[in-house]
Amino acid sequence: MLLSENIKMAIHQLKANKLRTFLTMLGIIIGIASVIAIITVGDAMTKSVMNSLNSMGTNNIEFYLTSKSTTDKDGNVETTGVERDMKDSDYFTDKMMTSLKDSFGDRIAGISLSAELANGKATQGQKYARIAIKGLNSYALTQKKLTILAGAPISDRDQNASSKVALVSDRYVQNMYGQNADLKSVLAKHVEMVSGSSYYSYTIVGVYKYSEDQNKMMTGEASNGSGKNLQTDCYIPLSVAQQALHSDALYGDFTVIAGTTDDATQLKDDISKYLNQHFYENNDAYMADGYSMQADIKQSGEMMGTLKLAISAIAAISLLVGGIGVMNIMVVSITERTREIGTRKALGATNRSIKMQFIIEALVICLIGGIIGMILGSVIGIAISKMIGFVAVPSISSVVISLLFSMGFGVFFGYYPASKAAKMNPIDALRYE
Amino acid sequence: MPTNIKPVTNADTSPVIDMTGIKKSFYIGTKNELEVLHGIDLTVMPGEFLSIVGQSGSGKSTLMNIIGLLDKPTSGSYILNSSDISLDSDEDTSHIRNKEIGFVFQTYNLIPRMSALKNIELPMLYAGVHGKARKERAEELLELVGMTERMQHTPDELSGGQKQRVAIARALSNNPSIILADEPTGALDSKTGHVIMDIFHKLNEEKGITVVLITHSHELASETQRIVTLSDGLFIDNPELSYSDNMTKGI
C-alpha cells in the first residue's frame, strides 16, 4: 500500500478523535517546545557572551613580571627568588620586544605597548574635562579600533619623532567646547592639564568616537562620573609618555597579539619560556609570566555548553514523558480497534501494512506535535531572550533536530504498539468484543 | 464417515475449492489435543451457491476460517483456484485472501468512522489499486447493492440491512473467486434478512458469483442450490436425518 494512502488514513483517524489526538500531542508539544526554547535562549546567551569576550581580544596575551617561583605538581606556588622591589634592570625593554619579533616572526601579529601618564582635569578657562592621558605605540592604538570623527589618528611619524600630539574623544570636545561644538574646529587646539607638579600640553590631531560599551568592557567598570562629565582617554605617542615619565623605554607589562593561525595558549607558554631563558635566567627576583584570555573564553564557552546541555536534558525528560503518552494512547487505541484490525486482516492487509499503519499514525502525531512545539518553543525562546536582552535567532539545526527527534520518537514509541497490532490473530481479533 | 459430496454443476471446469482430508486440531494446555475437524473433503465449482449447515460446536466456524485462509489446517490439502495454498507464507496468504476471498460477517465489521465508499475501497487499497479506479469501482458496487444514496454515510448512520449491503459490496470489490458469508442475516430481522438473501441470489444468478453461506438455519440453507451438513467435525450423509435429530435434541 502506498505511503501517501497510509498518511491520509492516519490523518483521517486522528481527525476522528480530535480531543484525544490533541491531548496526546500535547506531551510532545510541551517537550519539544521546552527543549527548543532552552536551546534558543542558550544559543542567544552564548553568542552574546562570546561576542563580548571575543571583542576583548581572544588573541591578546598579556605579559607581566612576577616574583620568581615554581609550581609543584599539586599546584602550590613556592617563591624561589629574593624578595626585593623592582629596579630598572628588571623591566621589559625595547630590546626584548625586538628580539621577540625576530624570534617568533609570523606567530606574533604585533606587540602593543602602553604607559599611563596621568589622569585629572584638563582645563580651558572655566571649562574642564576629565581625562586620562595614555601613551600608546602604534600597534596598541590600532588595537583600540577607534572611529576617527575628525582629523587623523596619530601617525607613525609622530610616534618616531615623539611629537606632542593627542587624540581626544568627542565627549571631551563636548565638555570643553559645548554640546554642539564643531569637531573640526578643535583640531590644532591644545589639551592642557596640570597634575601635581607636572604640566602637560599636547596638540589635538584627531577626535575619536567615545564608545561607552567599549569602555565598560575594557575597564570592566561602569562609566565613572554622572554621565555628563565622565573621564575619557586622551591618547599620545608612547615615546612622549615615556619622556614625561623620565623612564627609558621600560615596561612593566605588554600585550602580544597572536597571529591568526596560532593557538594563543601555546604561544603564551612559548613566549614566557623564551623570555625567561634569554633575559631572566640570571635575575635573582623576577621572571616573566603571561595571561591569555583564550583559555578563559574557551572554558566559559565549554561551561555554557555543558549548562545548556544539562538543562536541555532535563527538558528532554518531558519529551520522554510525552513519548510514553503517545505509546500509551497507541496501545489503548489498538486494543479498542482490535475488531478493525481483524477486519483489515480478513480483507487482505498484511502484517506489514498493519504495522506500517500504526507506526505512521504515531509518526504523524509526533511530527505534527513536533512542528507545533518547534514554533511554540522558538516564539517562547525569542521572547525570553528579548526580555533578558539578547538577540535570538532560531537556528536551522534546532529545527532539523526537533523534526528528526519527533519523527524518531514516533517510530520508537509507535513500534511496540504497531507490532502488537500486526501480530494479532485475525480470528481472535474478529471475535473481540 | 467422511463423504465427498459431489457438486451439482458440470465437471468440465476446474473447481474453485478443492479440499481433501482437512483435519484441524487445537491444543488446550499441553497434552489435551482437541480435534475439531476429522477429515473434510469439499469441492466447490464456480458459480455454485452452497450452504454449510451445522449446529454450534459442529466445527463450521473452524471450517470457515480455513476456507477463508484465516487459519491453516493441521493436515490435508486445500487447493484454491488450482493452486495449493497450504504451504504459503503469512504474507502470501494475505495477498491471496485479498484477491480471492470476499468476507461477509454476521456483525458487518465495517470500519467505524469511514464512509461506505471508503469501506468498499479498503480491499482495493490493500491490492494496490489507484485512487480514481478505486473510487469508480466502489461507486459501481454501491449501485449494485442499491446504496448509491448513502455513499458518504458512516456505519453509525446506517441501519443493519444497509450496513450488510455495504459489507457485500466490499466483499465484491476485488472480484473474488468466492463470497464467504458467515451468518449474514443473523443480526437482522427476517424481512431485512430476506432482502440480503435476495442480493446473494441475484449476484449468484445474474453475475455467476460463487457464494458459500455458513449458517445454522436450515430455512436459509434450503434456498441454496446445495447443502452440506457438518456435525461433530464431519460432513454427514443424510441432512434430513441430521436436521430432525437436531430438532429433537433442540426440544
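The chains referred to below are lettered A, B, ... by the order of the sequence lines, with proteins before strands, and numbering in each begins at 1.
- Considering B:Arg137, B:Arg170, B:Arg134, B:Lys132 in turn, B:Arg134 is the only one that fulfils the salt bridge (Lys or Arg N to Asp or Glu O under 4.0 Å) rule with B:Glu121.
- No more than 12 heavy atoms of other residues, nucleotides or ligands sit less than 6.0 Å from atom NZ of B:Lys135.
- Remark: B:Ile101 CD1 to B:Asn174 CG distance equals 12.0 Å, nearest 0.5 Å.
- In terms of non-hydrogen atom pairs under 4.5 Å with chain B, the most contact-rich of A:Thr343, A:Asn351, A:Leu347 is A:Leu347.
- Distance alone, capped at 3.5 Å, is enough to place a donor-acceptor pair between the B:Arg165 side chain and the B:Val145 backbone.
- The side-chain tip of B:Lys24 points at the ring of B:Phe26 from less than 6.0 angstrom away and within 45° of straight on.
- By number of non-hydrogen pairs under 4.5 angstrom with chain B, the leading residue of A:Glu340, A:Arg337, A:Arg352 is A:Glu340.
- Looking at B:Asn109, the atoms closer than 4.5 Å to chain A (heavy atoms on both sides) sit in the backbone and in the side chain alike.
- Interface residue B:Asp90: only side-chain heavy atoms are found under 4.5 Å from chain A.
- Your options are B:Ala127, B:Gly68, B:Ser94, B:Ser61, and the one with the most heavy-atom pairs under 4.5 Å with chain A is B:Ser94.
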